[in-house]
Amino acid sequence: MLAFPGQTWWLLPLALVCLASVLTGLHDLRQTRHAVLRNYPVAAHLRFLLESIRPEMRQYFFEGDKDGTPFPRDKRAIVYQRAKRDLDKRPFGTQYDVYEEQYEWLHHSIVPNTPLPHEALRTLVGGGTAQPYSASLLNISAMSYGSLSANAIRALNKGAKAGDFFHDTGEGGVSPYHREHGGDLVWELGSGYFCARSPDGRFDPARFAEVAADPQIRMVELKLSQGAKPGHGGVLPAAKVTPEIAAIRGIPMGQDCISPARHSAFSTPVGLLEFIAQMRELSGGKPAGFKLCIGHPWEFMAICKAMLATGITPDFIVVDGKEGGTGAAPLEFMDHVGQPLRDGLSFVHNALVGIGLRDRVRIGASGKITSAFDMARVMALGADWCNAARGFMFAVGCIQAQSCHTGACPTGVATQDPLRQRAIHVPDKAERVAGFHRNTLHALAELVAAAGLAHPSELRPHHFLRRASSDRVISLADQYEQLAPGQLAADPASSPRFAEAWALSRADSFSRAG
């Protein structure tokens with residue numbers, strides 16, 4: 001063994017570093033995976049280090065308040081401030097260039113109204129064939145246990161209970177953590193039929209009825225597609241399927257948990273509506289509806305024609321925009337598949353108006369909603385209420401590290417690692433969830449009052465304007481065609497936006513007619 005007499009003991013660490021560098025260099029020269037390491041052994045590791053911390057460097061040091069993605073810093077900050085009930089005001093004027101293209105604003109009134117109290121900001125879902133449910137105008141969007149940690153689910157549901165709003169379970173099923181604090185639930189049923197599936201993965205009516213009988217479940221929702229990856233199934237790898245998750249979802253251990261891209265319980269628009277009616281009946285008359293991201297327009301028109309042909313209507317439809325994104329997805333799907341929320345929402349709202357059934361179907365909207373302005377804009381386009389996922393994740397503690405799919409979430413929100421998720425102190429985070437909800441609705445009430453309106457349901461597309469170019473301003477009414485009640489059913493050719501999709505649709509098939 002080498003000896004380092006006298007004052008030369010410090011050479012030992014230096015020798016070890018040199019030895020490690022030599023061994024690393026020899027390995028780099030021999031490996032074949034990375035060309036840069038073969039040409040620049042040892043030194044090229046600095047590149048990989050800098051690349052690994054690039055997102056954090058951008059987020060904390062270089063990005064502006066308005067230009068971060070997917071959520072800019074000021075959007076995240078307003079959620080954090082409202083969740084913690086901190087001061088959420090801004091000094092010294094807007095940081096937006098108000099003459100830049102795409103800038104949007106809301107018309108205000110010379111005679112503003114009095115803001116509504118928090119308790120009045122609700123909408124009634126159901127009635128007629130379903131038990132009516134009074135839903136808040138802002139709720140927690142679909143996020144499954146398995147994607148989120150147990151403590152995150154606990155905090156979200158405890159906050160929903162405190163704030164009197166609902167918590168969508170996501171397609172992963174109803175877990176004990178959803179039930180622990182008694183907050184209202186909307187049970188989302190996906191193509192995997194988790195919590196209501198037979199051993200071969202098909203829909204099991206008896207199991208569905210058993211779970212849906214829980215009084216904590218207030219509505220049932222069928223997921224046709226989601227904004228993060230419309231038209232794409234989901235996979236929870238076998239390595240992440242714990243015994244608990246397997247028991248909750250009703251799946252075997254040791255196998256990938258697969259959500260198929262399409263449903264096996266129906267294959268036609270009429271079949272879809274009959275399945276919705278079956279869900280309503282099996283749940284004991286709870287409001288039943290479906291969620292989708294709009295794709296081929298004739299497919300939604302086919303559902304509209306099926307409503308007219310059968311007389312069956314869902315109690316609600318949730319329109320998810322392609323900008324939604326708590327689920328991990330292939331880049332091509334995340335960036336380029338599905339309609340954005342405003343386009344899909346306006347299409348669904350006007351299609352229902354055009355066939356004369358809008359008063360029987362409530363519409364929810366989800367997709368990058370974090371502020372009262374986001375809520376007001378989609379409500380002007382036809383939404384009756386809004387769902388938010390990432391906004392409530394921020395309230396629980398998410399810092400947009402974008403490692404949700406790795407299991408290494410640094411704040412314990414999107415992980416099953418018990419050591420990581422212990423960072424979430426449920427009572428504190430639940431208060432933040434309720435605080436974000438209450439303060440965002442308060443801001444919505446103030447916006448609506450500033451416009452001289454009595455309730456958010458009175459918002460219309462003409463209340464919002466957008467700078468289309470440097471010398472042209474248009475309203476959302478100019479951008480999106482507005483149909484008159486019954487117009488589509490009576491005279492489809494009178495609508496340039498809807499005529500082709502109507503002609504291509506048929507009630508007995510999702511395929512194009514002709």
- Rounding to 0.5 Å, atoms CZ (F333) and NE2 (H232) come to a distance of 5.0 Å
- Message: Parallel, tilted or perpendicular: which one describes the rings of Y96 and Y103, with boundaries at 30° and 60°?
- Response: tilted
- Query: Going by atom types only, do S494 and Q487 share a side-chain donor-acceptor pair under 3.5 Å?
  - Reply: yes
- Going from CG on L272 to CG on L224, what distance comes out if it is rounded to the nearest 0.5 angstrom? 5.5 Å
- Message: For E299 and S505, which I'm curious about, is there any donor-acceptor pair between the side chains at under 3.5 Å?
- Response: no
- Can you tell me if CZ on R73 sees more than 12 non-hydrogen neighbours from other groups inside 6.0 Å? no
- Is N350 reaching over with its side chain to a backbone N or O of S346, donor-acceptor style, under 3.5 angstrom? yes
- Determine, step by step, whether D384 and R358 satisfy the salt bridge (charged side-chain N to carboxylate O under 4.0 Å, His left out) criterion, reporting the C-alpha distance in whole Å, the side-chain angles of both residues, the deciding distance to 0.1 Å, and the verdict. CA-CA 11 Å; D384 293 297; R358 179 63 180 87; 2.9 Å; yes
- Does the pair K286/D214 count as a salt bridge with the N-to-O cut at 4.0 Å? no
- Query: Taking the six-membered ring for Trp, are F464 and F373 ring centroids under 6.0 Å apart?
  - Reply: yes
- Task: Taking all heavy atoms of V433 and all of G159, pick out the closest pair and write down the distance.
- Result: CG1-CA, 3.9 Å
- Answer yes if the side chains of R122 and S136 hold a donor-acceptor pair under 3.5 Å, and no otherwise. no
- Query: Cut-off 3.5 Å, side chains only: do E171 and S259 have a donor facing an acceptor?
  - Reply: yes
- So, W187 versus F194, ring centres under 6.0 angstrom or not? no
- Please find out if less than 6.0 Å separates the ring center of F316 from that of Y133. no
- Step by step, would you call F498 with F347 a ring pair (Phe, Tyr, Trp, His ring centres under 6.0 Å)? CA-CA 8 Å; F498 294 89; F347 181 83; 5.0 Å; yes
- Query: For the atom pair CG (N387) and OG (S366), what is the distance rounded to the nearest 0.5 Å?
  - Reply: 5.5 Å
- Would you please classify the geometry between the H263 ring and the Y193 ring as parallel, tilted or perpendicular, with 30° and 60° separating the classes? tilted
- Could you tell me whether K322 and E332 have a side-chain N and a carboxylate O separated by less than 4.0 Å? no
- Backbone N/O of V98 and side chain of R467: donor-acceptor pair under 3.5 Å: yes
- Task: Would you mind checking if D508 and K305 are paired as a salt bridge, meaning a charged N to carboxylate O distance below 4.0 Å?
- Result: no
- Using the ring of each side chain (for Trp, its six-membered ring), is F394 parallel, tilted or perpendicular to F71, with breaks at 30° and 60°? perpendicular
- Would you confirm whether R362, through its side chain, and L124, through its main-chain N or O, come within 3.5 Å as a donor-acceptor pair? yes
- Task: Verify whether the ring centers belonging to H437 and H118 lie closer than 6.0 Å.
- Result: yes
- Item | Distance-only polar pair, side chains of H178 and S175, donor-acceptor under 3.5 Å | yes
- Query: Is the shortest distance from a Lys or Arg side-chain nitrogen in D315 or R280 to a carboxylate oxygen in the other one below 4.0 Å?
  - Reply: yes
- Query: With under 30° as parallel and over 60° as perpendicular, where do the rings of F275 and F203 fit, or are they tilted in between?
  - Reply: perpendicular
- NZ/NE/NH1/NH2 to OD/OE distance under 4.0 Å, E188 and K223: no
- Q216 CD to D184 CG distance, which is reported to the nearest 0.5 Å: 7.5 Å
- Query: For D374 and K75, what are the C-alpha separation, side-chain angles and deciding distance, and is it a salt bridge (charged side-chain N to carboxylate O under 4.0 Å, His left out)?
  - Reply: CA-CA 11 Å; D374 297 333; K75 288 278 192 179; 3.0 Å; yes
- Please name the residue in the list D88, N439, T370 that meets the side-chain hydrogen bond (donor to acceptor under 3.5 Å, both in side chains) test with R82. D88
- Message: Using modelled atom types and a 3.5 Å cut-off, is there a donor and acceptor pairing between side-chain atoms of K368 and backbone atoms of P70?
- Response: yes
